[in-house]
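All remarks here apply to the structure that follows.
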Amino acid sequence: MSVVQSIRTAAVAALKSLYDQQVTESDIAINITKPEFEGEYTIVVFSFTKFSRQKPEETAQRIGEYLVSHNPELIARFNVVKGFLNLSINDAYWTKFLQTYYGDVNIGIQPANGKRIMVEYSSPNTNKPLHLGHLRNNFLGYSIAEIMKANGFDVVKANLVNDRGIHICKSMLAWQLFAHGDTPQSSGIKGDHLVGDYYVKFESVVKEQAEPIIDRVLENDFADFDGADVEKIGKLVTALHKPEVKEDKEKTGKIMDDIKEMSRNKTEIMQQAKIMLQQWEAGNHEVRELWATMNSWVYEGFDQTYKRLGIDFDKMYYESETYLLGKDLVAEGLEKGVLFRKEDNSVWIDLTADGLDQKLLLRGDGTSVYMTQDLGTARLKYQDYHMDQSVYVVADEQNYHFKVLQLILSKLGEPSAPGILHLSYGMVELPHGRMKSREGTVVDADDMITEMVQTAEEKTKESGKNLDAFSEDELHELYDTVGMGGLKFFLLRVDPKKKMIFDPKESIDLHGFTATFIQYAHARIKSIIREVGPVADLAGFIYTGELLPLEKELIILNEQFPGILAEAYRELSPSVIASYIFQLAQLFNSFYGEKVDGVPTYSILRAATEEKKKLRLQIIMMTAHTIAQGMKLLGIKVPERM
RNA sequence: GUCUUGGUAGCUCAGCUGGAUAGAGCAACUGCCUUCUAAGCAGUAGGCCAUUGGUUCGAAUCCAAUCCAGGACACCA
């Protein structure tokens with residue numbers, strides 16, 4: 001039981017006994033005592049004055065006296081400032097805690113709770129390589145899955161690969177037209193990048209081909225369009241010439257975007273891509289063959305990147321295998337009367353009663369849309385794993401989609417519905433704004449990784465450390481640990497819910513609130529432990545003297561780790577752990593560096609007594625374990641030395 | 001237009017189930033390597049917590065309105 005929990009229990013008993021009040025534990029506000037006051041934890045008693053019918057000071061005094069006399073093993077002293085009851089925990093409590101846990105490398109890990117959670121993350125498209133945005137998704141998904149495991153859940157990490165659709169056909173077509181048979185092997189280009197290059201090529205051809213069409217449109221020549229499109233594009237052009245639109249740059253831009261989009265759709269190459277998609281859906285052998293080949297290139301590339309990122313999956317889903325699944329659900333929904341069919345044969349669900357719109361589930365031609373696929377996949381996942389919760393790590397631009405997904409699933413009576421949880425995270429932006437592929441500002445994931453590891457190498461060499469003791473392999477591992485750690489920490493240290501600014505200059509920094517800082521603290525501890533060597537009787541040792549301030553603070557902070565772990569799960573936020581571990585590393589560094597008149601206060605090797613040496617060893621060992629454990633939950637390695 | 005998220009130091013972010021004088025890191029400025037790794041430590045400076053009102057013994061935190069910024073509201077995924 002945690003200290004805070006023990007205090008709560010004791011306080012509830014005190015209130016019952018003193019005032020005959022049954023207060024729930026969660027109603028007791030316990031804070032960490034401000035450094036300027038004596039004590040470690042503080043009970044805020046203002047709210048108790050309602051039933052104590054005494055001044056806050058008197059109330060606090062009475063509770064304090066009760067707590068000390070009834071819980072002497074826990075609380076040694078107290079002092080009262082206004083309505084704040086500051087408690088000093090017994091040093092013996094801390095040293096006992098230390099003795100129990102200092103050697104526990106699984107500190108904070110909870111036993112299995114019998115619940116299963118699926119975490120779907122990464123979910124890439126196979127038409128281009130991963131970029132910075134995917135990195136946040138991947139790190140977040142991996143970390144949250146690890147955090148859930150540590151909290152006792154049985155976690156299934158899933159990856160739903162978007163391996164079919166018009167975007168894939170674009171890459172395929174451009175490859176057919178322009179690649180002259182190039183392969184990753186022949187070109188020496190990583191598979192996902194090669195395919196991505198042809199996607200870019202496709203887009204540039206579209207742009208080229210669309211220009212004359214747009215020119216004609218702007219001269220009121222709509223010969224490129226047919227059917228209802230003629231009227232639609234005509235309206236857009238008319239709107240463009242309205243005086244109130246002419247003055248409004250934003251409106252003009254929007255209309256021009258629509259015109260461009262329609263024109264792009266009429267280009268020859270786009271038409272070809274659409275034909276290819278139809279051929280794919282019809283199972284055309286040649287198209288399927290090409291598709292399989294190019295996807296295999298991409299997977300090879302992704303596998304390499306995933307490996308470097310250190311992330312993994314228990315289950316792969318492929319959209320090519322799941323995109324038809326939702327249709328059964330739609331049929332059942334029609335039968336149940338939850339869905340309805342319109343004149344054009346399209347199928348809809350009416351969510352207006354829930355404050356939302358009508359939502360399309362099947363097109364008039366019977367083909368499914370994004371939502372239909374997700375409905376089907378949700379059922380499939382549930383059939384496969386019967387999980388209690390199904391988490392989707394997806395950017396916040398899809399908040400509406402997941403709200404609707406869950407609502408429809410529950411209206412269809414799907415057992416998976418209550419467990420749907422959208423872990424919505426903010427987009428990654430650059431200092432100048434959002435990444436835009438059209439403007440070429442997308443930061444490539446592989447480039448990013450390479451740059452971080454390179455920076456780690458440069459900084460290590462610049463540091464002037466003696467690297468002779470490291471083998472070549474060890475050095476490379478260190479660069480990787482520091483570089484990748486830096487990247488992961490930078491993306492995980494901010495609250496996932498919030499959008500974040502990614503400043504490349506800041507991201508390669510190795511000082512301050514960074515993984516490197518924490519890794520360094522860990523390496524320092526390990527270095528001391530190596531230096532000291534084995535110590536007799538450490539396991540059975542309990543320090544009985546008085547604790548110095550930073551000795552005590554370190555134990556206290558370590559003791560909070562399980563609570564932090566639970567909070568990280570509750571908030572679905574690895575950043576909680578990142579902040580905590582940083583704070584712990586900071587505190588250790590102060591402990592390590594404090595000197596009075598040039599003499600280190602907390603020296604381990606040269607501790608004044610053997611008892612102090614053992615105490616401090618226990619403290620730093622526990623600290624190293626907590627740091628390593630916390631970093632592991634973020635997917636970050638810690639070095640033994642650096 | 002409707003819904004939604006955010007606005008805290010020059011910059012990037014904590015703090016938000018209401019509690020004591022609002023915290024880190026970066027950047028700036030001072031000091032500290034003959035003693036366990038200076039990728040470090042100690043310190044200085046930097047704030048009308050977007051604005052206005054309300055609830056309360058007490059508000060950065062809760063409520064309302066306003067301003068500013070992002071996102072969503074597709075027979076795209």
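A note on names: the letters A, B, ... follow the listed sequences, proteins ahead of strands, and every chain is numbered from 1.
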* Asked: Taking atom C1' in both B:G46 and B:U52, what distance in whole Å separates the two?
  -> 27 Å
Applying a 4.0 Å non-hydrogen cut-off, can you work out what [X] is touching in the nucleic acid: base, sugar-phosphate, or nothing?
X	value
A:Ser26	nothing
A:Ala523	base
A:Lys34	base
A:Lys595	nothing
A:Asp27	nothing
A:Gly598	base

* Structure fact -> Assert: residue with more 5' nearest nucleotide on RNA chain B, out of A:Pro600 and A:Ser575, is A:Ser575
Identify the pairs formed between an N or O of the protein and an N or O of nucleotides 9-13 of chain B at a distance under 3.5 Å, and give each distance.
| residue | atom | partner | partner atom | Å |
| --- | --- | --- | --- | --- |
| B:C13 | OP1 | A:Ile501 | N | 2.8 |

Expected rows: protein N/O vs nucleotides 56-61 of chain B N/O, under 3.5 Å:
none

* CD of A:Glu281: more than 12 outside heavy atoms within 6.0 angstrom? -> yes
* Determine whether more than 12 heavy atoms belonging to other residues, nucleotides or ligands lie under 6.0 Å from atom CZ of A:Arg530. => yes
* Asked: Is any side-chain heavy atom of A:Phe46 less than 4.5 Å from a side-chain heavy atom of A:Phe84?
  -> yes
* Asked: Are any non-hydrogen side-chain atoms of A:Val535 and A:Leu617 less than 4.5 angstrom apart?
  -> yes
* To do: Name the closest nucleotide to the A:Phe582 side chain, picking from B:A24, B:C36, B:A39.
  => B:A24
* **Nearest to side-chain heavy atoms of A:Thr42, which nucleotide of B:G70, B:A14, B:A20** => B:A20
Is a donor from one side chain sitting under 3.5 angstrom from an acceptor on the other, for [X] and [Y]?
X	Y	answer
A:Asp396	A:Tyr425	no
A:Asp495	A:Ser575	no
A:Thr24	A:Asp27	yes
A:Thr42	A:Asn86	yes

* **A:Phe48 CZ to B:G18 P, straight-line distance once rounded to whole Å** => 14 Å
* Could you name each residue pair satisfying salt bridge (charged side-chain N to carboxylate O under 4.0 Å, His left out) that touches residues 28-48 of chain A, not counting sequence neighbours? => A:Glu38-A:Arg77, A:Glu40-A:Lys552
Can you tabulate the close N/O pairs, meaning under 3.5 Å, that link protein atoms to atoms of nucleotides 40-43 of chain B?
| residue | atom | partner | partner atom | Å |
| --- | --- | --- | --- | --- |
| B:G40 | OP2 | A:His511 | ND1 | 2.6 |
| B:G40 | O3' | A:Asn589 | ND2 | 3.3 |
| B:G40 | O2' | A:Arg524 | NH1 | 2.8 |
| B:G40 | O2' | A:Arg524 | NH2 | 3.3 |
| B:A42 | OP1 | A:Ser590 | OG | 2.9 |

* Asked: Given pairs defined as Watson-Crick or G-U wobble with both distances under 3.5 Å, what dot-bracket annotation applies to RNA chain B, with ( ) intrastrand, [ ] crossing, | other strand and . unpaired?
  -> (((((((..((((.....[...)))).(((((.......))))).....(((((..]....))))))))))))....
* Protein proximity profile, nucleotides 71-77 of chain B - base contact B, sugar-phosphate-only contact S, no contact -, cut-off 4.0 Å on heavy atoms -> SSS-BSB
